[in-house]
Every structure is written in structure tokens, then in C-alpha cells.
Undergrad: 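The structure that follows is given in the form of C-alpha cells.
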Protein chains: 2
Amino acid sequence: MRLAELSARSGVPTATIKFYLREGLLPPGERISATQAGYGEEHLHRLRLVRALIQVGRMPVATAREVLAAVDDPGLDQHSRLGIATWALPGPAPGPGPEEEDDAATRTARQEVGSLLEHLGWDQFGPGSPAYETLVRAVATLVRLGYPCEAGHLRRYAHIAAQVSEADLDLLESLPGEVEQVEASVALTVLFEPVLLSLRRLAQAEESARRFRG
Amino acid sequence: MRLAELSARSGVPTATIKFYLREGLLPPGERISATQAGYGEEHLHRLRLVRALIQVGRMPVATAREVLAAVDDPGLDQHSRLGIATWALPGPAPGPGPEEEDDAATRTARQEVGSLLEHLGWDQFGPGSPAYETLVRAVATLVRLGYPCEAGHLRRYAHIAAQVSEADLDLLESLPGEVEQVEASVALTVLFEPVLLSLRRLAQAEESARRFRG
DNA sequence: CATGGTTGGATAGTGCCACTATCCGGCGAG
DNA sequence: CTCGCCGGATAGTGGCACTATCCAACCATG
């Protein structure tokens with residue numbers, strides 16, 4: 001398959017594919033001659049994954065490169081791979097970098113988050129992990145706006161998150177092959193986020209109608 | 001309070017506050033003289049909300065303006081206000097506009113999503129609503145990558161989403177005042193997204209450790 | 001063999017968007 | 001008086017995901 005056909009089958013412009021090749025998101029095609037290269041089905045699949053991560057998952061190009069490098073890395077067991085994937089994924093609020101906020105709200109948030117995770121016994125990822133920091137930032141913002149979000153309130157959401165992760169892992173384990181599972185751990189983590197959030201919005205509308213109308 | 005103090009108390013640069021005033025995200029201050037204006041606590045609160053929507057919720061400035069206009073709109077009942085807020089919120093994958101994709105994956109996704117929502121009886125928001133379209137896009141992407149996401153698989157996530165929305169509405173109803181609830185419906189919908197997704201990541205790590213190690 | 005369209009690679013440019021820097025005249029504290 | 005701060009208007013910046021252009025090699029066709 002040539003670049004043009006890869007573009008036609010994926011719907012991605014050739015210029016964009018070249019860009020991804022340059023950025024290392026897509027492995028180079030098999031060299032046919034000095035100025036020609038050929039691509040296979042695996043390139044098509046990877047290209048679709050890249051598009052999904054970037055467009056649906058809103059992942060920055062640089063992050064996608066790191067995540068995909070981890071996916072391709074051999075010699076990692078299932079758990080570390082999922083860990084790497086989860087670690088590298090940017091989450092919903094990457095923020096303007098390590099600006100080390102230390103206001104009252106952030107300190108409160110750290111305390112509530114810490115006590116929540118301690119109570120749940122969730123100690124795989126501690127402070128410093130992206131998910132943890134994102135959580136602290138979000139809770140700090142809620143605190144700053146004056147909304148209740150002590151560990152008690154958060155616990156309810158944590159229990160629900162645990163159910164989601166069970167569904168995630170069930171789905172992951174139902175897939176064949178180990179390589180596929182690694183890729184899937186990334187793809188499913190990212191792509192089920194919009195699914196979950198959209199369903200939440202739809203469910204909110206239903207629940208709101210139930211409570212405020214009929 | 002002058003602009004400089006508003007800036008100091010919120011941590012937002014004065015230039016940025018001026019920008020928000022220009023964009024209509026923040027109501028103008030009370031005119032003290034021809035070239036002086038004063039701001040109150042409500043401006044501080046609104047400014048924090050704006051920052052939260054834009055930075056934590058990743059909402060485009062234009063969308064934030066619309067959402068806040070709906071929040072300020074009097075003469076809307078609770079349900080419509082939540083509806084407007086939820087409708088205007090952009091969700092995780094706004095996409096490159098109404099490009100009317102109509103490939104096989106999208107058609108499959110529309111069918112699965114339709115049958116899922118029909119089965120659940122969720123008919124508040126049909127096709128055309130942002131949440132619905134976001135869901136279709138995400139499912140289409142999953143289909144394209146070859147992951148299982150029939151209505152059956154999605155139902156499990158939908159049930160979990162329903163639990164989230166119950167928690168959301170419980171929290172909303174626990175707040176005093178009606179104006180506060182309107183603002184809260186926006187703030188909580190947006191700000192609990194990172195909370196939920198971060199908790200999911202943390203829970204995934206725990207669940208993964210439980211299954212693949214111990 | 002000529003030749004014209006196509007291919008892959010390199011380089012520079014575009015468009016969007018959330019700010020941000022600068023300038024200007026009016027105000028007000030000392 | 002006066003000098004620095006205030007608010008408002010205008011234009012510029014930086015980041016990022018592409019995208020347009022150019023070039024020489026390549027291959028199919030006549």
C-alpha cells in the first residue's frame with residue numbers, strides 16, 4: 001500500500017500522514033526504492049489509533065508518541081504496560097505545568113484526596129502521578145468555588161469509578177492476544193472517557209426530568 | 001474592589017481579566033467615574049468559575065460565554081437550565097464541526113447508540129444533541145478500531161453513568177438557593193468530569209494490580 | 001527512449017485560540 | 001502640581017496541529 005492509498009482508506013490527508021511519520025507516531029513504511037515506501041494493514045490500524053488518541057482523546061502529539069512508544073516496548077508485563085499507559089495519559093486538565101500551587105484550597109484538596117485514597121487503600125499511584133495531581137487540581141477548584149467535596153462526598157464517586165474500572169478490565173481480559181491487550185488498555189482507557197461522559201450527560205437529563213418534572 | 005485587587009485575590013493576571021471583560025465572560029464593574037470601575041465579591045466568584053470552566057473544564061471561551069449567559073438568564077425553570085447547561089457544554093470531543101461523516105462505522109455506531117438509548121428509555125436528548133453526537137463519534141471510533149461496543153457492552157457503562165447522575169443530582173439538591181443550583185449544575189457537571197476520570201485511572205491501577213499480580 | 005503524472009521527503013507557512021504587551025488619556029494621593 | 005496607577009483599546013505572542021509548496025526520484029505509458 002502506498003501513502004495515497006493509506007490516506008484514502010483512513011480518510012487522513014497525506015500531508016497529515018507525513019506529519020505523523022515525521023513525528024514518530026507512525027513507523028516508517030517498508031522501503032521499496034530510494035524514494036518509495038510501502039505500508040501494510042498494521043500501518044492503517046496504527047494510524048486509526050493515532051487519530052483516535054489525538055482527535056477523540058484530545059491527546060497532544062508529543063504525549064501520543066510517548067504512549068505509543070510504551071505500547072511498542074517489549075519486555076513489559078501486563079500490569080506495567082497498563083501502568084505506563086495510564087501514567088502517560090494526560091487526563092482532562094494537564095494544566096500549565098508544574099507551577100507548584102500552594103494556596104489554601106490546594107492544601108485542603110491534597111488532604112481530602114489523601115484521606116480518601118488512604119481510606120480506600122488505593123496506593124498504586126501516590127502523589128506525583130498525573131491522575132493524582134489532576135484529581136487534586138479538580139478538587140481544589142471545587143473547594144475554591146465553595147462546593148462540598150470532602151472525602152465523604154468523593155467516596156461515592158470513587159465507588160462508581162471502581163465499577164467502571166471493573167468493567168474496563170473485564171472488557172480488556174475478554175480480548176485475545178497479549179499485544180492486543182496492551183494496545184487496548186490505552187485505547188479503551190482513552191476512548192471510553194467520552195463514552196462515559198456522554199452517557200453521564202444523557203443520564204443527567206433523564207434524572208433531572210424525573211426529579212423536577214414528573 | 002479595583003481590577004488590581006480582583007487580580008491579586010483570584011490569581012488571574014489583570015490583562016486576562018480585561019480580556020474576559022471584553023469577551024463578556026465577566027460582567028462589567030460598577031462605574032465609579034469615567035475611567036474607574038469597582039468590582040464586588042460576585043465578580044470574584046464569577047471569575048473563579050470562568051477560570052474553572054476554561055482551564056479545568058477545557059471549555060472554549062465562546063462556549064463559556066454562552067453557558068454563562070444561560071446561567072444568568074432569568075425565567076427558566078430548574079430542568080431547562082440544567083438542560084441548557086448540559087446542551088451547551090462541549091463534551092470531550094467537539095470535532096471539526098458538522099462534517100456529516102457517514103461511513104460504515106458511524107452508521108453502526110448510530111444504530112448501537114440508538115438501540116441502547118431506546119432500551120433504557122432515555123429520550124430527553126435525541127440525535128442532534130451534543131452528548132448524543134459525542135457518544136456516536138466515540139463509539140464509531142471504537143468500532144473502527146475493532147473493539148466490541150455493542151449495545152450490550154455499553155449498557156453496563158450506561159448503568160454506571162446513571163449512578164453518577166444520581167450522585168450529581170443528590171449533590172445539586174443538597175445546595176441551598178435556586179440561583180446557586182443553576183450555577184452549580186454547570187460547575188458540577190464540568191468539574192466532576194476530571195474527578196471521575198482521575199478516580200477511574202486510580203481505580204484501574206488498583207484493579208489491574210489485583211488481577212495481574214496478587 | 002521520452003515524458004508526464006505521481007511519490008516521498010524537506011521546509012516553511014497557516015489558522016486557531018487563549019492570552020499578553022503596549023499605548024493612551026483620565027484620576028487621585030501626596 | 002505631578003507622578004504613578006487605573007481602565008480601555010489595539011495589536012502582538014506563543015503554542016500547536018496541521019498544511020501548502022517545492023524538489024528530485026520513480027514508474028507507467030506511448
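Just so it is clear: chains get the letters A, B, ... in the order the sequence lines come, proteins before strands, and each one is counted from 1.
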Undergrad: Would you please test B/E23 and B/K18 for salt bridge (charged side-chain N to carboxylate O under 4.0 Å, His left out) and show each step?
TA: CA-CA 9 Å; B/E23 294 293 318; B/K18 290 191 200 179; over 6 Å; no

Undergrad: With sugar-phosphate meaning primed atoms plus P, OP1 and OP2, does B/A37 contact a base, only sugar-phosphate, or nothing at under 4.0 Å between heavy atoms?
TA: sugar-phosphate

Undergrad: Mapping B/Y39 and A/V61 onto DNA chain D by nearest heavy atom, which one lands closer to the 5' end?
TA: B/Y39

Undergrad: Verify whether one side chain among A/R201 and B/Y132 offers a donor that lies under 3.5 Å from an acceptor in the other.
TA: no

Undergrad: Say whether B/H153 and B/E150, considering side chains only, have a donor N or O and an acceptor N or O under 3.5 Å apart.
TA: yes

Undergrad: Side chain to side chain donor-acceptor pair (under 3.5 Å), that's the test. Do A/E180 and B/Y147 meet it? Break it down for me.
TA: CA-CA 10 Å; A/E180 286 78 4; B/Y147 293 113; over 6 Å; no

Undergrad: Considering only nitrogen or oxygen atoms on both sides, find all protein atoms under 3.5 Å from nucleotides 21-26 of chain D and state each distance.
TA:
none

Undergrad: Go through the side-chain N and O atoms of B/T106 and B/D103 and say whether any donor and acceptor fall under 3.5 Å apart.
TA: yes

Undergrad: For the backbone of B/A205 and the side chain of B/S208, can you confirm whether one donor and one acceptor N or O come within less than 3.5 Å of each other?
TA: no

Undergrad: Under a 3.5 Å cutoff, is there a donor and acceptor pairing between the side chains of B/Y157 and A/Q163?
TA: no

Undergrad: So, does A/Y20 get its side chain near the phosphate of D/dC18, meaning an N or O under 4.0 Å from OP1 or OP2?
TA: yes

Undergrad: Can you pull the contact range of chain B along DNA chain C, 5' to 3', using atoms under 4.0 angstrom from its heavy atoms?
TA: C/dA18 to C/dC27

